[in-house]
Student: 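Dropping a structure here in structure tokens format, bear with me for questions.
Just so we're on the same page: letters track the sequence lines, and every chain starts at 1.
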Amino acid sequence: MVNLSVNLAGVELKNPIIPASGTFGYGREYAELYDLNVLGSFSWKGTTGEARLGNPQPRIAEMTGGMLNAVGLQNPGIDAVIEKEVPNIAKIFQGPVIANVGGFSIDEYAENCRKLEDVEQVKILEVNISCPNVHAGGKNFGCDPKSAAEVTKAVKAATSKPVFMKLTPNVTDIAEIAKACEDAGADGVCLINTLLGMRIDLKSRKPIIANRTGGVSGPAVFPIALRMVWDVYEAVNIPIIGCGGVSSAEDAAEMMLAGAAAVEVGAANLKDPFACKTMVEKLPAVCERMGVEKIAELTGAAHR
Amino acid sequence: MKKSLFTLEHARQLTADTYELVLSGDTSAITAPGQFVNIELPGKFLRRPISICNWTEDALMLLVKVVGEGTKELVRCVPGTELDVLSGLGNGFDMSLAGEHPVLAGGGIGIAPLYGLAQRMLERGQTPTVALGFRTGKDAFYLEEFAALGCRLLIATEDGSLGVKGFVTDCIKAVPECDYVLACGPLPMLKAVHALPQLRGGQFSFEARMGCGFGACMGCTVPTKDGYKRVCKDGPILYKEEIVW
């Protein structure tokens, strides 16, 4: 019997599989399909202070090995989520929930996290300083180590819950940003958010996505995410949630070997709504083949 | 919604770019005409959403127009091919709101869901008039099938090569007593039908580029008078009074 449990900054997950923010809503649609309690956790849709309508259509484009999206953080706002979604989450998932929190100012990040302080199911705050599809003063907080550290500090001061900073790959040195977050008190990091990309329609000669650019995700980005998790593991001592193109239990194990303590699964859910459930079911056999009794042993094993 | 394997039983070419596909499989998740399926295709990351033309307990009929790589791949499948299908997606038409004599208005490949809809309305004792628009007579398909259902059939083509010269709106104007429409077709057609003063109400089926097809990714949301709605989950059928053009 393989032990699948992992620990994220003191929060025990029964397995390392976590549906990634933005691909799982607030759990409602998937709860119609399977019992979400098989999951280690889930990261809810990026939630901002005010409700956001998101970007104009089209928001989606396809590519070989993946997709692009520019949804633009459409969400009902933190107060509506606490009022309407949290009670429903209590019914469909009894495990620890990761609350993905967005913001357009340092104060907004802190205020949103403060509002979640008394929401019991939320065990980890995942602070999104990396959405490529919104333009807050033209700059992501996640692109500059100093800004990333400032957000981390402000959020840490506003909450007693573990704080994981969600990082963008659209930087020269992601390890530097991760280190800045660690030094500012982050309990962990989650990487990667989507890579900035675009597609152009040959007929109209215009970008397919109305926002022009979108975030690239899917199996094609897996090696990039893996490399970045590797680099960050070398640079920090806080736990890493590995995210980016994970499509199978084998990918999840590989991500852990690179340094991830747990794994988020994004685009794969959109192609196969049962992707995470299937991964959880297949992980024990993958571990057995690898001769591993406790999956947590895989974390960073490729570095040793 | 259900995820299951369907087997392609046969494919029939209807026009230069339009095909009828019959698949066998478990259709139990399909609850209303106007719903759609989302089909996984080899080599494509995203599934392809296709409107349901008709269904029985164990068979699914689709009309597919080749518009890109995915649909090309789909119509190339040979009988016996197994396809991974999410079935029973979307809200579908609400026949109970349509009255005794609604018009079913379709343009091009948008006529697909109207076939299963017409059949079920007739079974319920409603008497729909079917108005179909095509660019030219050569693009027209499924006319015999609709006629065989026994409903009144009106045809319009843009060049007048078949039926009346004009648009599907001209067909609807020819039925002035009709005050309720169920429509599926290209956006300009939907907009023109929506603007007809004779209508007290109607249901309009929308298309969108979708990520998941089951309401999770927010990839296909559109503004309505009732707030933002997901075309895949809250639609694809939107109601006359809520639509924002």
Student: Evaluate whether atom CZ of A:R212 has more than 12 neighbouring non-hydrogen atoms of other residues, nucleotides or ligands under 6.0 angstrom away.
Tutor: no
Student: Please classify the contact of A:E62 with chain B as side chain, backbone, both or neither, using a heavy-atom distance under 4.5 Å.
Tutor: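 Both backbone and side chain.
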Student: Top residue by heavy-atom pair count (under 4.5 Å) with chain A, among B:G219, B:G215, B:P223?
Tutor: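 Of B:G219, B:G215, B:P223, B:G219 has the most heavy-atom pairs under 4.5 Å with chain A.
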Student: Might you work through the side chain to side chain contact (heavy atoms under 4.5 Å, CB included) test for A:Q74 and B:T221, ending with a clear yes or no?
Tutor: CA-CA 9 Å; A:Q74 183 186 343; B:T221 52; 2.7 Å; yes
Student: Find out whether A:E29 and B:M1 are in side-chain contact, i.e. whether some heavy atom of one side chain is under 4.5 Å from a heavy atom of the other.
Tutor: no
Student: If you draw a 6.0 Å radius around NZ in A:K282, do more than 12 non-hydrogen atoms from other residues or ligands fall strictly inside?
Tutor: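 Counting other residues, nucleotides and ligands, NZ of A:K282 stays at 12 neighbours or fewer.
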Student: Heavy-atom distances under 4.5 Å only: say whether B:F214 touches chain A with side chain, backbone, both or neither.
Tutor: both
Student: Are side-chain heavy atoms of A:F24 and B:C217 found at a separation under 4.5 Å?
Tutor: no
Student: What are the two closest non-hydrogen atoms of B:F45 and A:A268, and how far apart are they?
Tutor: CZ-N, 4.4 Å
Student: Is it the backbone or the side chain of A:L33 that comes under 4.5 Å from a heavy atom of chain B, or both, or neither?
Tutor: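 A:L33 touches chain B through side-chain heavy atoms alone.
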Student: If you count heavy-atom pairs under 4.5 Å with chain B, which of A:G65, A:P58, A:G66 comes out on top?
Tutor: A:G66
Student: Relative to chain B, which segment of A:A267 carries a heavy atom at a distance below 4.5 Å: side chain, backbone, both, or neither?
Tutor: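 Contact with chain B: backbone and side chain both.
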Student: Quick check on B:R47 against chain A: is it the side chain, the backbone, both or neither that has a heavy atom closer than 4.5 Å?
Tutor: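 Contact with chain A involves the side chain of B:R47 alone.
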Student: Surrounding CD of B:E242 (heavy atoms of other residues, nucleotides or ligands, distance under 6.0 Å), is the total greater than 12?
Tutor: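 Yes, the 6.0 Å shell around CD holds more than 12 heavy atoms from other groups.
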Student: Calculate, to the nearest 0.5 Å, the distance between atoms CG and CG belonging to A:N69 and B:L46 respectively.
Tutor: 10.5 Å
Student: Which residue is it: A:N55, A:V71, A:L73, A:I60? I am looking for the one with a side-chain contact (heavy atoms from CB on, under 4.5 Å) to B:M218.
Tutor: A:V71
Student: Cationic tip of B:K3 within the cone over A:F274's six-membered ring, i.e. under 6.0 Å and within 45° of the normal?
Tutor: no
Student: Flag yes if more than 12 heavy atoms outside A:E85 fall under 6.0 Å of its CD atom; otherwise flag no.
Tutor: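 More than 12 heavy atoms, drawn from other residues, nucleotides or ligands, come within 6.0 Å of this atom.
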Student: At a 4.5 Å cut-off on heavy atoms, which part of A:P273 comes close to chain B: side chain, backbone, both, or neither?
Tutor: both
Student: Pick one of side chain, backbone, both or neither for B:K44, based on which atoms fall under 4.5 Å of a heavy atom in chain A.
Tutor: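 The answer is both parts of B:K44.
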Student: Does the side chain of A:K271 come within less than 4.5 Å of B:E40's, by heavy atoms?
Tutor: yes
Student: Can you check whether B:C220's main-chain N or O pairs, donor with acceptor, with A:R59's side chain at less than 3.5 Å?
Tutor: no
Student: Considering only heavy atoms and a distance below 4.5 Å, find which of A:N75, A:T64, A:D272 pairs most often with chain B.
Tutor: A:D272
Student: Could you grab the distance from atom CD of A:Q57 to atom CZ of B:F206, nearest 0.5 Å is fine?
Tutor: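 The CD atom of A:Q57 sits 12.0 Å away from the CZ atom of B:F206.
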Student: Just so I understand: if I count every heavy-atom pair under 4.5 Å between each of A:T23, A:N269, A:I208, A:L270 and chain B, which residue has the most?
Tutor: A:L270
